[in-house]
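Fair warning: this is a prediction, and the values are worked out from it, not measured in the lab. Ligands are counted one by one from 1 in listed order, and the atoms in each one are counted from 1 as well.
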Amino acid sequence: MTRESWQTRIGFILAAVGSAVGLGNLWRFPWMTSENGGAAFLLVYLGVVLLVGVPGLLAEFVIGRRSRRNPVGALSDLSNSKYWSAFGHVFVVTGVVLLSFYSVVGGWILRYFAESFTGAYFANPGAHFDAVSYGLDAVGFHLLFLGVTALVVLRGVRRGIEKATKLMMPAIVALLVALAAWGLTLDGAAEGVAFFLSPDVGFLRANFFDILPQAAGQALFTLSLGAGTMLTYASYLGEDRSLVADGTAIAVLNTLVGVLAGVVVFPILFALGSGAGAGGPGALFVSLAGAFAALPYGEVVGVVFFGVVLLAALSSSISMLEIPVSFLVDEYGVSRRRAVAGLLGVFAVTGSVCALDAGVFGVVAGPLVDLLLTGGLVGFLLFAGWVLGTAAVEELRRGAGSFAQSVATPWLYAVGVVIPVFLIFTFVSGLAGALGVAVGPLSLLGVTFDQTRVFLAVTVAVAVASFLGLRRSRSVL
Ligand code: PHE
C-alpha cells in the first residue's frame with residue numbers, strides 16, 4: 001500500500017496552519033494575555049515564537065520528511081535504537097491526552113454555537129457555564145465533536161484533512177476580520193486595543209521571569225509543537241520543498257490569527273466594561289458570551305464568533321487524531337477505517353472522564369499537556385541535533401533557497417543545544433513559580449541571585465560546551 005501524501009503545497013501549509021490555529025489562539029491566547037499584562041505578554045510571546053517556535057517546527061519537519069513515518073516509526077527508523085523507539089510511544093500518549101481534553105472544550109464550543117441562535121446563555125452566562133461545563137451534557141457534546149473530527153480523518157489525508165482545512169482556513173480568517181472590524185467600532189474599543197498592543201515596559205521588566213514560562217508554554221501549544229503533529233504532517237510531503245519557507249509561513253499565519261483574535265476579544269471586553277481582568281479559562285464562555293448578550297444583534301455575533309472557534313477547533317482536533325491513526329496505519333498495517341473506529345472508542349472513554357470531572361480536566365489540560373509538549377519537543381530537538389546531526393542539516397537544505405542554506409548549521413546548534421536548555425530552564429522555573437516557590441530552579445536550593453545574569457551565563461556556557469562536544473561527535477558537522 002503506498003503511503004498517502006498531500007496533493008498541493010498550499011494544501012500542506014493550510015493543513016499545518018489549521019492544526020496550529022485553534023483553541024490555542026482563540027481561547028488560551030486571550031486568556032494568557034489578560035493574565036500576564038497584555039502587550040507585555042504579547043511581546044515575549046512573539047520573541048519565543050521566533051527564536052524557539054520556528055526552529056522547533058523545523059526540527060519536527062526535518063524528522064518527518066526524512067523518515068516519511070509517524071513519530072514512533074520515525075524515531076526508531078532513523079536511530080535504530082530501541083530507546084528512541086520507546087520514547088516515540090510517548091507521542092501516541094500525547095495525542096490521546098490532547099484530544100481527550102480538547103474535544104471536551106470542542107463540545108462546549110459546539111453547544112455555545114448552537115445556543116447562540118436563541119441566546120440561551122444570555123440571561124446569566126456565569127451560571128450557565130457552570131451548569132453545562134461538566135456532566136452528562138458535556139459528555140454528549142464531546143462525543144458529537146469527536147464524531148465530526150473522526151469523519152474528516154476517516155476520509156484520509158487528501159480527501160479529508162486537506163480538503164476540509166482548505167475550506168476552513170479562509171473562512172476563519174474572513175470571519176475574524178469581519179468581527180474585528182465590527183468590534184473596533186464599539187465605544188471603548190480603543191482601550192482594549194491599547195491594553196493588547198502597547199506594552200508597559202516597567203511591567204515587563206518586573207515580571208519577565210513570570211511571563212517567560214507562560215509565553216513558552218503558549219508558543220508550543222499554539223504551534224502544535226512537541227506532540228508529533230507537525231512531524232506527521234511533514235511526513236506526507238511528497239516532494240522537495242523549502243521547509244524553512246513553509247515553516248516560517250505557518251508560524252507567521254498562526255501568529256496573525258492569534259493577534260487578530262486579540263483584536264476581536266479585547267475591544268469587546270473593554271467596550272462592555274468588564275476589562276481584561278475578567279479573563280481566565282472561562283473568558284470565552286462567561287465574559288465574552290456575556291458581552292454578546294449586551295450587544296445589539298448579539299445572537300448574530302455569537303453565532304459567527306462561536307462558528308469561527310468551532311472551525312478552528314476542528315482543524316486542530318483532526319491533527320491530533322491523525323497522530324495515533326498514522327501510528328496504527330504505518331506500524332501495524334491497520335486500515336484507516338479500523339484505526340479511526342478503534343480510537344474513537346478510546347477517546348469516547350478518556351474524553352468522557354474529562355467531561356465529567358473538573359479536577360481531572362484541570363490537570364490534563366494544564367500541567368500534563370505542558371509537561372508532554374515540553375518533554376516531547378526537547379526530545380525532537382535533541383534527536384535532530386545529536387542523532388541526525390549532519391543528516392538534519394542536509395534535510396533542511398533540500399529544496400531550500402540560499403537563506404535557508406546559510407542558516408542550516410546555526411539552526412542545528414540552536415536545536416541541539418540552546419533551545420533544549422532554554423525549554424528545560426523555563427519549564428522548571430514555571431513549575432517552581434506555580435508551586436509558589438520563589439521563581440527559578442536555583443532558588444529551590446535557597447540561593448538568591450540575579451536571575452537574568454545566571455540565566456544568560458548558564459545558556460552561554462552550555463552552548464559553548466556543546467559546540468565543542470558537537471564538533472567532536474562523529475555524527476555531527
Ligand atoms: N495548536 C492547537 C491550538 O492552538 C493545539 C494543538 C496542540 C494541536 C498540539 C495539535 C497538537 O489549538
State whether the shortest distance between N or O atoms of [X] and N or O atoms of ligand 1 falls below 3.5 angstrom.
X      : answer
Gly24  : yes
Ala20  : yes
Leu223 : no
Thr222 : yes
Ser19  : yes

At a 4.0 Å threshold, what atoms of ligand 1 neighbour a non-hydrogen atom of Ser319?
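Counting from 1, the qualifying ligand atoms are 10 (C).
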Against heavy atoms of Met320, which atoms of ligand 1 measure under 4.0 Å?
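Those of ligand 1 that fall under 4.0 Å from Met320 are 5 (C), 6 (C), 8 (C), 10 (C).
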Compute whether any side-chain donor of one residue and acceptor of the other, for [X] and [Y], lie under 3.5 angstrom apart.
X      : Y      : result
Tyr233 : Ser224 : no
Asn254 : Asn25  : yes
Arg158 : Ser5   : yes
Tyr236 : Gln7   : no
Asn70  : Ser235 : no

Ring centres under 6.0 angstrom apart ([X], [Y]):
X      : Y      : value
Phe285 : Tyr112 : yes
Phe195 : Phe270 : yes
Trp108 : Tyr134 : yes

Atom pair CE (Met32) and OG1 (Thr222), whose distance is rounded to the nearest 0.5 Å:
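One gets 12.0 Å once the value is rounded to the nearest 0.5 Å.
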Heavy atom of the protein closest to [atom] (residue, atom name, distance):
atom                    : value
atom 12 (O) of ligand 1 : Tyr102 OH, 2.4 Å
atom 5 (C) of ligand 1  : Phe221 O, 3.6 Å
atom 8 (C) of ligand 1  : Ser224 OG, 3.3 Å
atom 11 (C) of ligand 1 : Thr229 OG1, 3.2 Å

Region of Leu98 that comes within reach of ligand 1 [heavy atoms, distance under 4.0 Å]:
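Answer for Leu98: side chain.
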Any heavy atom of Trp27 sitting closer than 4.0 Å to ligand 1?
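For ligand 1, residue contact (heavy atoms, under 4.0 Å) with Trp27 is absent.
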